[in-house]
Protein chains: 2
Amino acid sequence: MDIKTFCLGILSFGDATGYEIKKQLEGPFRHFYDASFGSIYPALGKLTDAGLVERTELAQDKRPDKKVYSITPAGKMLLMDALEKPVAEDKVRSDFLATIVFSELLTPSTIDQMIAVRIAGLEKAIAEFDCEQDIAGPGAHFVCGFGKAVYGAAREYLENHRHEIVGHSLLTKSEKVQ
Amino acid sequence: MDIKTFCLGILSFGDATGYEIKKQLEGPFRHFYDASFGSIYPALGKLTDAGLVERTELAQDKRPDKKVYSITPAGKMLLMDALEKPVAEDKVRSDFLATIVFSELLTPSTIDQMIAVRIAGLEKAIAEFDCEQDIAGPGAHFVCGFGKAVYGAAREYLENHRHEIVGHSLLTKSEKVQ
DNA sequence: GATATCATGTAAGGGGTTACATGATTGT
DNA sequence: ACAATCATGTAACCCCTTACATGATATC
């Protein structure tokens, strides 16, 4: 899903500024979709040019004018068509797992700490999926439940199996280079 | 983890050609790390220039010369240093979940089919994690177990909760645009 | 006094994919 | 016949992030 479609989706829940769309991506959703200002603002500009959203400028004191975007009927039609199409496969990039594959080259304490950090990160993410977020509705609820289930399983696996990976090698770095 | 480090990691298990490195990324590992020829070949060139790997050309009949790469001691040192550094957070991009967030705009049958496709994809991935792969060792085994646990939890969640998301809206598209 | 929040936007750069170029052999 | 496998490499392109530019107000 490109950033334009995502913005249309957020705007289908109600009017928002670029800044507010970005804030959505700091909640639980950031765990499976992310974007920066550098892609959000240009996307909103293009959507406006295409007549898929409308822009209302609100003058503000001592701040840039707030630009509130709302989806147009044409935008909503296009959004629904886009959502109907088969979705691309999920893409995961895990430096953590890639490092684990090569973990024979690491010291046990490094691996152990890496896993501890990862468990902490998973717990933080699970807590985020638990919180109330701006966009409610059955879709967001389902997704948060999914996140909790999957990240919970990841944490559990790490806790139950970390002993299998830590301590497989006790060589020092200079010995390993041989 | 950049592609150069990944190539060094694969080569730490044994010599390989660019083609063979790419093949590794068609097994279970592709679910958390991917790269194309367009990034692998240039990476191997740079690693060779930097003296981190060595290239042996094997002439072949009716085919481009096979170029077998092997990691040098300097390369192994650099790899171990790179692996020791704190890893970046996992990055997930799920058009599937993003679409679910906006699923109020979809017909129940579309959602239902999307979930069915996703479950099938997860089952295929789980089977891949189950197979024997070229790179064995405790790291790869741990990672495959992780994949099975996490993807299994995802499949289970979808099976147990799909009824909560399907059928929340029975409006036709023209009604929804209103 | 420093950091966070609010609020928008641009430009350079990075990391990657896709498509192209080449071409025999083997399996369906 | 057609697709897949083997085998390498380049170049254009794309999308996105990072950093920059601007600046008041509120919080710690």
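Sequence lines set the chain letters: A, B, ... in the order given, protein chains first and strands last, and positions in each chain run from 1. Because the structure is predicted, anything quoted here is derived from the model rather than measured.
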Flag if over 12 foreign heavy atoms under 6.0 Å of CD, Gln113(B): no
Starting at OH of Tyr41(B) and ending at C1' of dA19(C), how long is that distance when rounded to a whole Å? 16 Å
Any side-chain to backbone donor/acceptor pair from Gln24(A) onto Ile21(A)? Under 3.5 Å, distance only. no
Output one letter per nucleotide in nucleotides 14-23 of chain D: B when a protein non-hydrogen atom lies under 4.0 Å from the base, S when only the sugar-phosphate is that close, - when neither is. --SBB----B
Distance-only donor-acceptor pairs under 3.5 Å for side chains of residues 48-55 of chain A, two or more places apart:
unit_1, atom_1, unit_2, atom_2, d
Thr48(A), OG1, Leu44(A), O, 2.7
Arg55(A), NE, Tyr69(A), OH, 3.2
Arg55(A), NH2, Tyr69(A), OH, 3.3

Flag this pair as yes if the NZ/CZ of Arg93(A) is under 6.0 angstrom from the six-membered ring centre of Phe32(B) and inside a 45 degree cone about the axis; otherwise no. no
In whole angstroms, how far is the P atom of dT17(C) from the CD1 atom of Ile40(B)? 8 Å
Parallel, tilted or perpendicular: which one describes the rings of Phe142(B) and His161(A), with boundaries at 30° and 60°? perpendicular
Strictly below 4.0 Å, N to O, side chains only: are Asp34(B) and Lys91(A) in salt-bridge contact? no
By salt bridge (Lys or Arg N to Asp or Glu O under 4.0 Å), which residues pair with Asp112(B), not counting sequence neighbours? Arg162(B)
Spell out, yes or no, whether Leu25(B) and Ile10(B) are grouped together once hydrophobic residues are joined by side-chain heavy atoms under 4.5 Å, including indirect joins. yes
Expressed as a whole number of angstroms, how long is the span from Lys66(B):NZ to dT5(D):P? 16 Å
Nearest-angstrom distance from the residue atom NZ of Lys46(B) to P of dG14(C): 11 Å
In degrees rounded to 10°, what angle is found between the helical axes fit to the five outermost pairs at each end of the helix from dG1(C)-dC28(D) to dT28(C)-dA1(D)? 50°
Joining Ile, Leu, Val, Met, Phe, Trp and Tyr whenever any side-chain heavy atoms lie under 4.5 Å apart, the cluster holding Val117(B) also takes in none
In whole Å, what is the span from the CG atom of Asp65(A) to the P atom of dT8(C)? 9 Å
Check each residue of residues 6-26 of chain A for a non-hydrogen atom within less than 4.0 Å of any atom in DNA chain D, then write out the ones that pass by number, or none. none
Length of the CG-P vector between Leu44(B) and dG16(C), whole Å: 13 Å
Hey, any chance Leu79(A) and Phe13(A) share a hydrophobic cluster, counting ILVMFWY side chains that come within less than 4.5 Å of each other, even indirectly? yes
What heavy-atom pair brings Cys7(B) and Leu47(B) nearest, and what distance separates the two atoms? CB-CD1, 4.0 Å
